[in-house]
Amino acid sequence: MNTVSDKAIKFLNKKPQLFINNEWVDSKRGETFPTINPSNGKTLMQISVAGKDDVDAAVLAAREAFKKRVRDMNPSKRAAMIFKLAELIERDLDILSQLECLDNGKPLNRAVADVKAAVYHLKYYAGWADKIEGSVIPVHSPNVMVQTRREPLGVVGLIVPWNFPLVMAIWKLSPALACGNCCILKPAEQTSVTALYLGQLILEAGFPPGMVQILTGDGETGSLLTHHNDIDKVGFTGSTEVGKKVLEASAKSNLKKVSLELGGKSPNIIFDDADIKRVEESLVWASFYNSGQECTLGSRIYIQNKKLDQVLNGLVKKTKALTIDEGFRNPDLGPLVSDEQLTRVKGYIHHGKKETELILGGNKIEGKLSAGYFIEPTIFRTDNHDAKIIKDEIFGPVVTVSSFEDEEELIGYTNDTRYGLASAIWTQDISRAYRVAREIEAGVVWINGYDMFHPAVPFGGYKESGIGREMGKSALDLYTQEKSIWTNL
Ligand code: NAD
Ligand code: MG
């Protein structure tokens with residue numbers, strides 16, 4: 001098995017503190033909680049809880065920095081700092097991926113891929129920092145000039161979940177910083193370690209005091225941010241349920257801007273004419289990647305009648321071959337992130353057994369892994385389109401397999417959901433692929449592939465899967481506001 005580096009161990013022994021105004025500070029109330037290694041249930045590190053006084057201090061520092069240091073900073077200087085941060089993350093790839101693996105449970109090589117994705121993302125947005133332009137608009141008279149400017153929002157709160165802790169933090173930080181905002185990052189309470197490590201690198205990269213703060217804590221800390229009257233925007237990724245609370249908090253406070261990346265229940269659609277070999281290679285990962293803790297998980301599989309048995313049998317065979325173990329041993333799948341998540345997933349499996357047919361899995365893994373939150377990848381077969389497990393996002397390694405006869409029937413099933421994040425279509429008929437892609441109510445459609453991402457390509461949800469588009473040029477709209485300046489010449 002791989003071993004934890006001395007530098008990672010040293011970081012895990014760090015005193016629980018918050019990162020405010022480029023300093024590590026104790027929380028005012030001194031409250032802490034343990035973050036757990038989900039592979040063995042043991043405490044990994046003590047984490048500080050940011051209370052109201054700490055949130056106020058962070059907001060004040062960010063506001064001051066915005067006014068005095070960040071708003072009018074040379075954009076190419078912002079670009080250079082973001083690029084430097086990317087390079088430092090690259091330098092510390094081993095430490096960051098080890099910390100992510102221990103804290104979240106994911107396989108080490110997947111954590112490495114996550115860190116690389118974070119680096120790529122930062123570099124992409126470093127490139128944008130000095131290219132955020134306004135326009136000149138022709139109006140009724142040649143003697144009137146209208147110029148638009150894209151200005152930063154000011155102080156932004158960035159609240160992220162636990163499934164891709166570092167990547168989610170960087171997805172938000174990189175466009176927010178590129179646009180010239182001051183940020184308060186709040187990682188998920190289950191996985192704060194890599195966000196804290198980022199604090200060290202932010203210092204080293206030379207960001208001015210107050211440009212980035214990192215506040216740990218649970219939903220209460222998040223709620224203090226969303227209700228704060230001096231925060232201009234909250235960028236949130238997490239559950240639809242909490243996303244609605246974020247909007248509510250905005251309405252109850254200063255009507256701060258809100259962008260939301262929320263849950264999903266994405267259809268993975270396989271037509272009779274699909275290249276079945278390619279389907280089989282992809283399907284097991286689309287179904288169980290990150291132990292199913294993925295907002296884009298292809299959790300509803302629809303297979304056209306003629307190929308149902310072949311594709312389902314292929315999936316069962318590939319799923320049986322998946323290795324499950326502690327993340328450090330580089331298995332295919334690691335544990336779920338927490339005991340709470342395990343209980344939640346087991347609850348859904350219980351429902352699934354009552355309403356549909358269990359084909360494979362369904363059990364917690366005992367034996368040498370019994371202290372961790374490991375569960376078998378689980379496949380249900382059903383044509384009960386009202387079953388709870390086909391309606392709700394489970395956020396675990398659980399999929400349903402359903403059949404369909406034709407396109408019309410399929411579209412009905414596909415769009416019969418409150419979510420609309422991702423989807424995939426497998427067919428060799430390009431006309432059909434585009435016809436169906438247009439009909440699907442989701443922010444992403446993958447044709448003959450799954451989980452394809454690039455920093456330049458917008459990502460976000462239809463319906464209750466979110467508001468706004470992260471990534472690409474679209475994310476610049478989330479972290480700037482437009483001003484029109486009229487001049488009578
Ligand atoms: P969650 O909504 O419980 O928590 C997300 C974050 O919000 C955490 O940092 C948490 O501390 C904070 N939070 C909790 N209550 C809050 C409140 N009242 N006010 C403000 N902040 C609060 O979600 P989770 O369980 O950590 O993550 C799983 C969910 O995230 C899934 O539903 C998944 O689909 C979604 N997700 C979506 C995307 C996406 O890009 N669309 C990506 C990853 C995860
Ligand atoms: Mg943890």
Does NZ or CZ of Arg110 fall inside the cone over Trp285's six-membered ring, less than 6.0 Å from its centre and within 45° of the axis?
yes
Any side-chain donor-acceptor pair under 3.5 Å between Ser5 and Asp94?
no
In terms of ring plane angle, is the pair Trp446 and Phe453 parallel, tilted or perpendicular, where the classes change at 30° and 60°?
perpendicular
Hey, would you say the Trp171 and Phe459 ring centroids sit under 6.0 Å apart?
yes
What are the two closest heavy atoms between Pro16 and Gln46, and how far apart are they?
CB-O, 3.4 Å
Relative to each other, are the rings of Trp128 and Tyr124 parallel, tilted or perpendicular (30° and 60° limits)?
perpendicular
Member of Tyr419, Trp162, Tyr348 meeting the ring-ring contact (aromatic ring centres under 6.0 Å, His included) criterion with Phe395
Trp162
If we ignore angles and hydrogens, is there a donor and acceptor under 3.5 Å between the side chains of Thr191 and Asn104?
no
Under 3.5 Å, is there a donor-acceptor pair linking the side chains of Thr194 and Glu100?
yes
Kindly indicate, with the supporting measurements, whether the criterion side chain to side chain donor-acceptor pair (under 3.5 Å) is fulfilled by Asn229 and Ser253.
CA-CA 6 Å; Asn229 278 315; Ser253 56; 4.5 Å; no
Any donor-acceptor N or O pair under 3.5 Å, side chains Ser223, Lys245
no
For Lys256 and Asn254, test the side chains for any donor-to-acceptor distance below 3.5 angstrom and give the result as yes or no.
yes
Are side-chain N/O atoms of Thr148 and Ser135 paired as donor and acceptor at under 3.5 Å?
yes
In a check of salt bridge (charged side-chain N to carboxylate O under 4.0 Å, His left out) between Asp477 and each of Arg469, Lys233, Arg150, Lys257, which one passes?
Arg150
What class does the angle between the rings of Phe164 and Tyr289 fall in, given that below 30° is parallel, 30 to 60° is tilted and above 60° is perpendicular?
parallel
Can you confirm whether Lys7 is buried at NZ, in the sense that more than 12 heavy atoms of other residues, nucleotides or ligands lie under 6.0 Å from that atom?
no
Is the count of non-hydrogen atoms from other residues, nucleotides or ligands lying under 6.0 Å from Lys52 atom NZ greater than 12?
no
Which residue, Leu177, Leu85, Leu185, forms the side chain to side chain contact (heavy atoms under 4.5 Å, CB included) with Ile202?
Leu85
